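For reference, the structure is listed below as structure tokens.
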Amino acid sequence: MSRYWSELVKTLTPYVPGEQPQQAGLVKLNTNESPYPPSPAVMAAVAETSNDSLRRYPDPQCVELRSVFAQQHGLSLDQVFVGNGSDEVLALTFLALLKHDRPLYFPDITYSFYHVWAQLCQIEYRTVPLAKDFTVPSTAFPADSGGVILPNPNAPTGIFLPLPQVRTLLGRCRGAVVVIDEAYVDFGGESATSLIDEFDNLLVIQTLSKSRSLAGLRVGFAAGQPHLIEALDRVKNSFNSYPVDAIAQRAATAALRDDVYYQGCIERIVSARTVLETQLRELGFAVLPSAANFLMVTHPERSAEALFDHLRQHNVLVRYFDKPRIDGYLRISVGTPDECEAVIAALRLLS
């Protein structure tokens with residue numbers, strides 16, 4: 001610890017991202033990346049980027065990209081915000097909309113970055129325990145909360161909270177912003193963007209990292225009524241006016257427009273998820289119902305940590321969380337059929 005550190009830095013416990021190993025031949029199923037490449041239209045957009053696009057600053061308002069997203073979700077341009085990945089959008093949201101005198105609430109088992117952002121932004125927070133079946137109890141969030149945030153589908157469980165329950169939550173917490181983080185919504189959920197015009201306290205956040213195969217590009221969106229978007233713009237423009245570079249804007253726009261390609265990828269992932277779930281159950285695993293591109297699994301006779309080590313020894317990397325309530329589970333990203341078969345083949349060696 002350096003004497004030059006600020007008092008805030010001394011107190012931080014940073015988020016630990018999933019491992020990004022460099023070794024060849026590893027079946028990497030630990031960070032929920034798409035197993036399929038970006039659309040050819042994306043690669044063409046990157047290749048066709050002009051010299052002038054790099055010599056000049058990018059559009060700080062990302063107008064074309066926001067317009068395409070807005071059109072696809074039945075929104076207006078002033079209801080959409082773009083940032084450098086949904087993590088940046090979330091960080092800006094914590095500062096702009098969730099920092100109040102009353103505590104922020106989120107599930108006790110959820111995206112672990114929420115704890116870090118609350119600490120960084122010096123926001124008091126409380127956690128709401130998931131039910132025994134790991135579902136989100138929407139009526140358990142206090143009506144007088146300073147804000148609510150939750151992924152839907154939740155991470156790392158993959159369980160989806162149906163929109164009628166989201167509606168109940170929004171009505172219950174009318175006095176606070178409710179953030180629905182939809183990183184995995186394309187794999188079996190239903191977006192809450194359809195509720196934006198009805199609820200002025202709803203902010204929906206999405207990403208191109210998962211279903212659009214662009215985790216390496218870093219583009220994320222927020223959607224909500226204009227007064228919420230304005231708050232994000234005010235914080236963004238007080239920090240970095242150009243967070244989304246010219247190449248990212250072109251590539252992301254192409255990705256949104258090539259919906260046919262990506263719907264095909266999503267269908268293949270959902271199909272592989274179904275097969276993988278069936279095979280895991282045949283091996284004695286219990287599998288949580290997933291609307292995401294991963295499965296959360298546990299075995300009644302084998303420790304999750306030992307299973308993680310066994311899979312790693314057989315060149316399969318999954319995610320193990322050494323945390324209360326989920327330390328008996330593994331999270332397995334859905335890969336190609338061959339990658340999923342590698343998981344099953346390694347697990348069958350234990351029989």
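In this text the structure is predicted, and so the values were computed from the model without any measurement.
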*asked:* For the CG atom on D133, are there more than 12 heavy atoms of other groups (residues, nucleotides or ligands in this structure) within a distance under 6.0 Å?
replied: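 Atom CG in D133 is packed in, count exceeds 12.
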
*asked:* Quick check on Q72: does its CD atom have over 12 non-hydrogen neighbours (other residues, nucleotides or ligands) under 6.0 Å away?
replied: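 More than 12 heavy atoms, drawn from other residues, nucleotides or ligands, come within 6.0 Å of this atom.
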
Whether the [X] and [Y] side chains hold a donor-acceptor pair (N or O, under 3.5 Å, no angle test) is what I'd like checked.
X	Y	answer
S271	T274	no
R218	S209	yes
D338	T336	no
E64	T253	no
E88	N240	no
D258	S39	yes

*Would E282 and R348 satisfy salt bridge (Lys or Arg N to Asp or Glu O under 4.0 Å), going step by step from the backbone distance to the final call?*
CA-CA 10 Å; E282 289 173 351; R348 282 177 178 149; 5.1 Å; no

*Please determine which of Y329, F187, Y184 meets the ring pair (Phe, Tyr, Trp, His ring centres under 6.0 Å) test together with F294.*
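Among Y329, F187, Y184, the one meeting ring pair (Phe, Tyr, Trp, His ring centres under 6.0 Å) with F294 is Y184.
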
_Presence of salt bridge, D108 and R325, under 4.0 angstrom_ =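 Yes, charged N to carboxylate O under 4.0 Å.
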
*Can you get from F94 to I229 by hopping between Ile, Leu, Val, Met, Phe, Trp and Tyr side chains that sit under 4.5 Å apart?*
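Cluster IDs for F94 and I229 match.
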
*Under a 4.5 Å side-chain heavy-atom rule over Ile, Leu, Val, Met, Phe, Trp and Tyr, are L202 and L169 clustered together?*
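Yes, L202 connects to L169 through the hydrophobic network.
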
*Do Y15 and F113 have ring centres separated by under 6.0 Å?*
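Ring centroids of Y15 and F113 are less than 6.0 Å from each other.
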
*Cationic tip of R268 within the cone over Y36's six-membered ring, i.e. under 6.0 Å and within 45° of the normal?*
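Positive - R268 is close enough to the ring of Y36 and near enough to its axis.
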
*Where do R312 and D309 land on the salt bridge (Lys or Arg N to Asp or Glu O under 4.0 Å) test, with the steps shown first?*
CA-CA 5 Å; R312 184 61 185 264; D309 290 338; over 6 Å; no

*asked:* Would you call the rings of Y320 and F308 parallel, tilted or perpendicular, taking 30° and 60° as the class edges?
replied: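 Ring orientation of Y320 relative to F308: tilted.
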
*Take Y57 and Y242 through the ring pair (Phe, Tyr, Trp, His ring centres under 6.0 Å) test and state the conclusion after the steps.*
CA-CA 7 Å; Y57 285 107; Y242 304 98; 4.6 Å; yes

*Run through N32, N30, T31 and flag the one making a side-chain hydrogen bond (donor to acceptor under 3.5 Å, both in side chains) with S333.*
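The single option meeting the side-chain hydrogen bond (donor to acceptor under 3.5 Å, both in side chains) with S333 is N32.
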
*asked:* The test is salt bridge (Lys or Arg N to Asp or Glu O under 4.0 Å); show your working for D144 and R172 and say whether it passes.
replied: CA-CA 9 Å; D144 63 348; R172 178 181 178 83; over 6 Å; no

*Under a 4.5 Å cut-off applied to non-hydrogen side-chain atoms, are E198 and R167 in contact?*
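Sidechains of R167 and E198: in contact.
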
*asked:* Could you go through V116 and L12, starting from their C-alpha distance and side-chain angles, then the distance that decides it, and tell me whether this counts as side chain to side chain contact (heavy atoms under 4.5 Å, CB included)?
replied: CA-CA 7 Å; V116 179; L12 294 177; 5.8 Å; no

_I'd like to know whether V80 forms a side chain to side chain contact (heavy atoms under 4.5 Å, CB included) with F221, so could you lay out the CA-CA distance, the side-chain angles of the two residues, the decisive distance to 0.1 Å, and finally the verdict._
CA-CA 7 Å; V80 179; F221 301 87; 4.2 Å; yes

[X] side-chain N/O to [Y] backbone N/O, donor-acceptor pair under 3.5 Å:
X	Y	value
R250	A45	yes
D181	N152	no
E277	V287	no
T135	A131	no
Y125	A118	no
R331	R319	no

_Candidate pair R174 and F199, rule side chain to side chain contact (heavy atoms under 4.5 Å, CB included), full reasoning_ = CA-CA 8 Å; R174 272 287 191 180; F199 291 96; 3.5 Å; yes

*Quick one: do F141 and V148 satisfy side chain to side chain contact (heavy atoms under 4.5 Å, CB included)? Show the steps, please.*
CA-CA 8 Å; F141 291 89; V148 173; 3.8 Å; yes

